[in-house]
Amino acid sequence: MPTGRAWLAVAVGGLIGSELRYGLGLAFPDVPGSVPWATLAINISGSFVLATLTTVWMARPHTAFWLRAGIGPGLLGSFTTFSAAIFASDQLARAGAHPVWILYLGLSLGLGLAAAGLGWRSGRLIARNLGLQ
């Protein structure tokens, strides 16, 4: 069972991540009927950072659990959002923009996996340069 510190770290990280995502959504609003670029960029960048950090944490397992929980599931879990991607796709489908929502889902999946793979590679390089491997 996680400690109270881990629960608090996830809550604080979740607040920060959701506020960052909300702010970016306001700064870069989506154009109706087009690919929601801000949400796509948020999810892709979050995938990269999470994969990088997870790889480094695997090489450095003594990183405090509460810190990993606060940054991983907390901050990055709320920063990235699968529900927003599905909501945007649903809105595009309901508007009849079928090529757009299909493109958006394809980009989300393909670029998300590529970002995670690149993040994994970057994490390995960082761990190696820090002498953790």
Side-chain angles (χ1 to χ4, degrees):
M1 182 75 169
T3 64
R5 180 182 279 186
W7 287 99
L8 182 61
V10 170
V12 170
L15 175 65
I16 293 169
S18 61
E19 289 298 319
L20 285 172
R21 182 169 57 87
Y22 181 71
L24 287 172
L26 291 177
F28 304 101
D30 295 328
V31 177
S34 69
V35 170
W37 295 108
T39 302
L40 182 65
I42 288 167
N43 287 339
I44 301 307
S45 63
S47 296
F48 172 79
V49 173
L50 185 57
T52 301
L53 289 175
T54 300
T55 305
V56 171
W57 289 333
M58 288 171 60
R60 190 179 187 274
H62 56 278
T63 302
F65 177 76
W66 66 267
L67 182 61
R68 290 181 283 143
I71 294 174
L75 193 149
L76 292 168
S78 64
F79 181 67
T80 60
T81 172
F82 187 69
S83 60
I86 296 304
F87 178 76
S89 297
D90 179 63
Q91 295 300 307
L92 290 167
R94 289 176 190 259
H98 301 297
V100 178
W101 74 260
I102 292 169
L103 173 68
Y104 175 58
L105 283 182
L107 286 173
S108 294
L109 179 63
L111 293 176
L113 288 172
L118 189 59
W120 175 77
R121 283 288 280 173
S122 298
R124 286 183 55 104
L125 288 172
I126 291 169
R128 186 176 310 139
N129 287 334
L130 293 175
L132 301 174
Q133 291 183 329

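- L40 contributes atom CG, which lies 5.0 Å from atom CD1 of I44 (distance to the nearest 0.5 angstrom).
- Annotation for G33 and A97: closest pair O-CB, 4.4 Å, computed over non-hydrogen atoms.
- Separation of atoms OG (S78) and CD1 (I16) is listed at 8.5 Å; rounding is to 0.5 Å.
- Cluster membership check: W120 does not share its hydrophobic cluster with F48, using side-chain heavy-atom separations under 4.5 Å among Ile, Leu, Val, Met, Phe, Trp and Tyr.
- F82 and L92 fall within a single hydrophobic cluster, where Ile, Leu, Val, Met, Phe, Trp and Tyr are joined by side-chain heavy atoms under 4.5 Å apart, directly or via other members.
- A donor-acceptor pair under 3.5 Å is absent between the side-chain atoms of R124 and the main chain of T55, judged by distance alone.
- Cluster membership check: L53 shares its hydrophobic cluster with L67, using side-chain heavy-atom separations under 4.5 Å among Ile, Leu, Val, Met, Phe, Trp and Tyr.
- S89 and L105 get closest at one heavy-atom pair: OG-CD2, 3.3 Å.
- Closest approach of R21 to A84, counting heavy atoms only: NH1-CB, 4.3 Å.
- Residue S47 comes nearest to A115 through the heavy atom pair CB-CB, 4.2 Å, listed as atom of the first residue, atom of the second, then distance.
- Shown here for N43 and T81, the closest heavy-atom pair between the two residues is OD1-N, 2.7 Å.
- Applying the salt bridge (Lys or Arg N to Asp or Glu O under 4.0 Å) definition to pairs two or more places apart or across chains, those involving residues 81-95 are D90-R94.
- The two residues P2 and F65 have their closest heavy-atom pair at CB-CE2, 4.0 Å.
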Would L24 and F79 count as a side-chain contact (heavy atoms from CB on, under 4.5 Å) if you check the C-alpha gap in whole Å, the side-chain angles of each, and the deciding distance to 0.1 Å? CA-CA 10 Å; L24 287 172; F79 181 67; 3.7 Å; yes
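- Residues I42 and F28 fail the side-chain proximity criterion, which asks for heavy atoms closer than 4.5 Å.
- When the side chains of ILVMFWY residues are joined at heavy-atom separations under 4.5 Å, either directly or via intervening members, I126 and V49 end up in two distinct hydrophobic clusters.
- Partner of T54 under the side-chain contact (heavy atoms from CB on, under 4.5 Å) criterion, chosen from L50, V56, T52: L50.
- If you chain together hydrophobic residues whose side chains sit under 4.5 Å apart, I102 and W37 fall into the same group.
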